[in-house]
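Everything quoted here is computed from the prediction, not taken from an experiment.
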Amino acid sequence: MPRFLMLTMIVVVSTVAAMFAFLFFFADVQASEPPVTVTAQTQGEPMTYLIDFQNPGEADHWRAINDNVMGGVSRGGLAVEDGIGVFRGETSLENNGGFASVRRDPEAFDLSDAPGLALHVRGDGRTYQLRLYTGQLPEGAAYRASFQPPAGEWQRIAFSWHDFEAVFRGRLLEGMPPLDPAGIDQVGLMIVDRQAGPFRLEVAWLDAP
């Protein structure tokens with residue numbers, strides 16, 4: 001075989017072998033890398049919510065109102081941990097107490113076109129209340145809706161405006177108008193399930209459904 005032809009065949013065989021080696025290496029690297037999950041937030045602008053605990057300073061807008069205003073000894077408050085709002089504390093039935101709550105600073109929310117509200121939460125198996133405040137009710141009264149997320153599981157819970165009922169100090173208020181979403185200027189969370197013990201409710205965000 002002519003020397004020139006032999007050299008040409010050697011070059012071709014070496015090139016093909018190198019290409020196969022590269023392909024096998026590339027396939028192995030791809031198989032070892034973790035899969036990438038693309039969400040709506042990574043495809044464009046970050047999603048925005050009515051209340052988002054990823055926002056710096058959100059925790060500063062919340063204040064605790066516990067049963068010590070009536071002589072009880074329950075305790076509770078809200079803090080932010082890794083971008084999650086955590087409503088936690090301990091309820092006590094001593095001195096006829098048994099509730100803990102937090103309430104956000106008043107703000108003029110624009111919810112007139114919304115069908116309701118939704119929460120993304122993880123609870124501990126206990127029952128909580130979402131409370132909404134408007135000028136329709138007397139001072140201290142609120143519209144409430146109860147929810148009980150499974151312990152340890154993140155869950156999106158949606159409420160329609162019809163789910164909320166007017167209450168004052170645990171009693172239903174008769175003859176009150178239905179909740180007007182255009183008038184909501186304050187939101188709150190409460191635990192008042194007639195149980196004593198520690199509680200923890202994590203909230204990622206609150207928004208219209």
Quiz item: So, E165 and R144, do they make that salt bridge, N to O below 4.0 Å?
Solution: yes
Practice problem: State the CG-CZ distance between D207 and R156, to the nearest 0.5 angstrom. | Solution: 9.0 Å
Self-check item: Approximate separation, where rounding is to 0.5 Å, of L119 CG and E202 CD
Solution: 13.5 Å
Self-check item: More than 12 heavy atoms from other groups under 6.0 Å of CD on Q195
Solution: yes
Quiz item: When hydrophobic residues are tied together by side-chain contacts of less than 4.5 Å, even through go-betweens, does M190 share a cluster with M70?
Solution: yes
Quiz item: Hey, mind stepping through L201 and V86 against side chain to side chain contact (heavy atoms under 4.5 Å, CB included) and telling me if it holds?
Solution: CA-CA 6 Å; L201 177 71; V86 182; over 6 Å; no
Self-check item: Short N-O contact, D124 and R200, less than 4.0 angstrom
Solution: no
Practice problem: Please determine which of I191, L78, I65, N66 meets the side chain to side chain contact (heavy atoms under 4.5 Å, CB included) test together with V102. | Solution: L78
Self-check item: Atom pair OH/CD1 of Y133 and I184 - distance to nearest 0.5 Å
Solution: 12.0 Å
Quiz item: Is any side-chain heavy atom of I157 less than 4.5 Å from a side-chain heavy atom of V121?
Solution: yes
Quiz prompt | Polar side-chain atom of W161 near backbone of L117 as donor-acceptor pair, under 3.5 Å | solution = no
Practice problem: Look up atom CG in D163 and atom OG in S146, then write down how far apart they are to the nearest 0.5 Å. | Solution: 10.0 Å
Quiz item: In Å, rounded to the nearest 0.5 Å, how long is the span from CD of E90 to CZ of F199?
Solution: 9.0 Å
Exercise. Considering non-hydrogen atoms only, spot the tightest contact between S92 and S74 and give its length.
Key: N-OG, 2.7 Å
Quiz item: Under a single-linkage definition using a 4.5 Å side-chain heavy-atom cutoff for Ile, Leu, Val, Met, Phe, Trp and Tyr, are I51 and I84 assigned to the same hydrophobic cluster?
Solution: no
Quiz item: Which heavy atom of G77 sits nearest a heavy atom of A64, and at what distance?
Solution: CA-CB, 4.3 Å
Self-check item: L132 reachable from V203 in the ILVMFWY side-chain graph, under 4.5 Å edges
Solution: yes
Practice problem: Return the minimal non-hydrogen interatomic distance between W154 and H120, and the atom names on each side. | Solution: CZ3-O, 3.5 Å
Quiz prompt | Linked, directly or transitively: L111 and L189 (ILVMFWY side chains, under 4.5 Å) | solution = yes
Quiz prompt | Check: F99 main-chain N/O paired with T91 side-chain donor or acceptor under 3.5 Å | solution = no
Quiz item: What is the distance from atom CZ of R103 to atom CD of Q186, rounded to the nearest 0.5 Å?
Solution: 5.0 Å
Practice problem: Anything under 30° is parallel, anything over 60° is perpendicular, the rest tilted; go ahead and classify Y128 against F87. | Solution: perpendicular
Quiz item: Going through the distances and angles, do Q129 and V192 end up as a side chain to side chain contact (heavy atoms under 4.5 Å, CB included)?
Solution: CA-CA 8 Å; Q129 294 180 10; V192 55; 3.3 Å; yes
Quiz item: Closest heavy-atom contact between Q136 and P178?
Solution: NE2-O, 2.9 Å
Quiz item: Does the side chain of F164 come within less than 4.5 Å of F159's, by heavy atoms?
Solution: yes
Quiz item: Of the non-hydrogen atoms in R126 and G197, which two are nearest, and what is the gap between them?
Solution: NH1-O, 3.0 Å
Quiz item: Would you say N68's side chain and V73's backbone share a donor-acceptor pair under 3.5 angstrom?
Solution: no
Quiz item: Side chain of D52, backbone of L206: donor and acceptor closer than 3.5 Å?
Solution: no
Quiz item: Between V167 and Y143, does a side chain to side chain contact (heavy atoms under 4.5 Å, CB included) hold up when you go through it step by step?
Solution: CA-CA 6 Å; V167 294; Y143 289 95; over 6 Å; no
Quiz item: Heavy atoms, side chains only, cut-off 4.5 Å: are P198 and R88 in contact?
Solution: no
Self-check item: N/O donor-acceptor pair under 3.5 Å between T127 side chain and F147 backbone
Solution: no
Quiz item: Heavy-atom distance under 4.5 Å between the side chains of S112 and P181, does that happen here?
Solution: no
Quiz prompt | Closest non-hydrogen atom pair between G125 and Q148, with its separation | solution = O-NE2, 2.7 Å
Quiz item: Mind checking whether L179 and L50 sit in one hydrophobic cluster, side chains of I, L, V, M, F, W, Y counted as touching below 4.5 Å?
Solution: yes
Exercise. Go through the steps for W62 and V187 under the test side chain to side chain contact (heavy atoms under 4.5 Å, CB included), then give the verdict.
Key: CA-CA 10 Å; W62 295 78; V187 301; 4.0 Å; yes
